[in-house]
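Reviewing the structure listed below.
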Amino acid sequence: MPPLKSAVTLAADARHTVTIVLNGAPRTGQAHPRLLLSDFLRHELGAHGTRVGCEHGVCGACTVRIDGVAQRACLTLAVQADGRRIDTVEGLSQSNEGPNQGPNEGRMTALQEAFRRHHALQCGFCTAGILMSLSDYLGRNPKPTEEELRDMLSGHLCRCTGYAGIVRAVMDVTGQTPEPGAMGEAAHV
Amino acid sequence: MKPASFDYLRPATVADALAALAAGGDDARVIAGGQSLMPMLNMRLVQPRLLIDLSRLEELRTLKADSGWLSVGAAVTQTELLSRPTLRDEVPLLASALPWVGHFQTRNRGTVCGSVAHADPSAEAPLCLVATGGEVVLRNVRRRRTVKAADFFLGPLTTVKAADEIVESVRFPLAAAGSGHAFREVSMRHGDFAIAACAATVDGTQASLAVGGVADRPTLRSWPLAGGALPPDLDAALNAFAWDLGGDDDQHATARYRRDLVRRIGRTVLEEALSCRR
Ligand SMILES: Cc1cc2nc3c(=O)[nH]c(=O)nc-3n(C[C@@H](O)[C@H](O)[C@H](O)COP(=O)(O)OP(=O)(O)OC[C@H]3O[C@@H](n4cnc5c(N)ncnc54)[C@H](O)[C@@H]3O)c2cc1C
Ligand code: FES
Ligand code: FES
């Protein structure tokens with residue numbers, strides 16, 4: 001996280017200007033200190049791609065990238081995000097960096113395509129968070145083993161897929177043949 | 001599930017943070033990674049009037065090994081410590097235990113010092129600190145003091161840290177040549193809090209076992225080696241330790257199951273630590 005030069009005090013009962021770089025474009029809104037980043041994105045900026053489930057860090061639905069790093073938006077205050085780069089699922093399809101390099105303006109990334117091909121989602125509530133975690137994680141660990149991948153996925157609850165399709169999609173997009181067990185095996189995450 | 005209101009302070013220096021904390025008294029709280037505090041705020045289990053954000057203080061982003069200690073500052077995240085290439089040589093127990101702290105996404109934000117300050121009885125970082133004989137460096141506006149890990153934790157979410165102090169850093173002794181270390185834990189799912197966590201250290205003269213998740217704080221016990229081997233009466237010793245820890249029944253496990261884990265996993269990690277001495 002970048003250092004800040006001067007102290008900032010923000011009063012509880014006032015709304016404060018918060019400016020973030022959302023998927024590459026500067027966006028400004030107002031926030032009381034207690035406003036969560038997840039609510040700031042959805043209610044103040046109208047960016048509804050980020051989902052909200054549990055609001056205590058367990059389900060992973062709200063995961064976004066803050067200065068590139070996958071984190072819980074529901075455990076972040078909007079005022080803490082001031083001046084930072086926030087990447088959400090809406091930005092993935094236009095992204096020209098990271099593991100999905102290429103001229104894919106307006107198109108889904110290879111990872112998103114793989115999710116579709118492998119039925120890695122059903123209702124889709126968990127998907128935005130999982131994609132944001134993966135877009136950070138695969139940058140750091142480009143060819144995870146199934147065990148490593150399932151360990152990372154333990155930070156996300158998916159109540160539809162049993163995780164098998166998600167594992168298959170990631171194995172596919174990282175150029176690895178899914179291990180036989182991944183096909184129908186119940187998740188141990 | 002929204003926090004009650006509070007003023008938010010992003011101090012420019014540690015001195016500013018400490019002054020605000022002293023002035024704020026019991027109504028002020030520091031926030032580091034927020035991975036324990038934000039859930040408590042969202043559920044309104046705590047309602048501070050002032051939140052003091054330590055997470056962007058460059059002064060606290062210190063991570064260095066010197067004169068026998070690995071020192072971890074209050075702004076260093078669990079991921080940052082885990083990514084230190086030399087960690088497995090310096091404090092092998094941390095390299096084994098930290099991947100068990102929550103999930104990839106929470107470790108990206110949660111700090112090592114925040115976990116120690118929070119003092120959950122089943123948390124891995126406090127357990128490693130106690131197991132290795134580490135220290136906590138506390139600081140308020142007037143002074144700095146160092147407390148041994150064994151004296152720091154008093155009970156669930158309770159430590160000797162005064163309300164006007166922050167944990168400035170925690171210090172782990174660098175692993176001694178010829179020592180061996182092992183860690184295992186049992187939880188409902190990977191990333192959940194431990195039902196029992198066991199950290200073993202074996203050096204030239206003694207075998208030590210630290211247990212988390214059973215007693216109200218991480219607890220350490222040591223036994224002398226018998227001719228380079230584990231003590232012959234280890235099973236009885238582990239049984240006595242398991243009973244002394246005095247775990248309770250809760251929604252995750254019975255006290256009896258926890259005692260069983262201490263006896264069995266305790267032995268396993270001690271054997272592993274003995275066999276991986278370097
Ligand atoms: C889904 C989930 C799973 C988790 N699983 C685990 C797990 O398995 N094991 C585990 O150990 N933890 C787990 N945690 C908690 C862990 O992620 C936290 O990071 C850690 O407990 C606290 O560190 P923090 O930096 O986030 O502190 P914060 O949440 O910011 O603060 C926690 C408390 O410590 C105080 N504090 C923080 N830093 C300081 C300081 N430097 N000086 C004085 N006081 C301070 C705060 O005032 C607050 O009272 C989990 C959290 C989540 C959300
Ligand atoms: S809504 Fe943030 S983790 Fe569930
Ligand atoms: S697709 Fe429905 S929760 Fe994952």
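Letters A, B, ... are given to chains in the order of the sequence lines, protein chains preceding strands, and every chain is numbered from 1. As the structure is a computational prediction, the values presented were derived from the model and not from experiment.
Between B:Arg109 and A:Arg72, the closest heavy-atom pair is NH1-O, 4.3 Å. Residue A:Pro33 comes nearest to B:Tyr8 through the heavy atom pair CB-CB, 3.9 Å, listed as atom of the first residue, atom of the second, then distance. Closest approach of B:Met38 to A:Leu75, counting heavy atoms only: CG-O, 3.2 Å. Across all non-hydrogen atoms, the minimal contact from A:Ala12 to B:Asp7 is N-OD1, 2.6 Å.
Only the side chain of A:Ile66 comes within less than 4.5 Å of a heavy atom in chain B; its backbone stays farther off. Within the 4.5 angstrom heavy-atom criterion, only side-chain atoms of A:Thr63, from C-beta onward, approach chain B. Within the 4.5 angstrom heavy-atom criterion, only backbone atoms of B:Ala4 (N, CA, C, O) approach chain A.
Heavy-atom proximity under 4.5 angstrom to chain A picks out B:His103, B:Phe104, B:Gln105 from residues 97-105 of chain B.
To the nearest 0.5 Å, atoms CG (A:Asp39) and CE (B:Met1) are separated by 11.0 Å. Residue A:Gln71 holds its CD atom at 9.0 Å from OG1 of B:Thr77, rounded to the nearest 0.5 Å. Annotation: the span from A:Glu55 atom CD to B:Lys2 atom NZ amounts to 3.5 Å, rounded to 0.5 Å. The structure places CG of A:Asp67 at 12.0 Å from CG of B:Asn108, a figure rounded to the nearest 0.5 Å.
Considering only residues two or more places apart in sequence or on other chains, B:Ser122 meets the side-chain contact (heavy atoms from CB on, under 4.5 Å) condition with B:Asp120, B:Phe193, B:Ala194.
Side-chain contact check for B:Thr79 versus A:Arg140: some heavy-atom pair is nearer than 4.5 Å.
Put simply, the side chain of B:Arg10 never gets that close to the backbone of A:Val8: no donor and acceptor are under 3.5 Å apart. Between the side chain of B:Asn42 and the backbone N or O of A:His56 there is no donor-acceptor pair closer than 3.5 Å.
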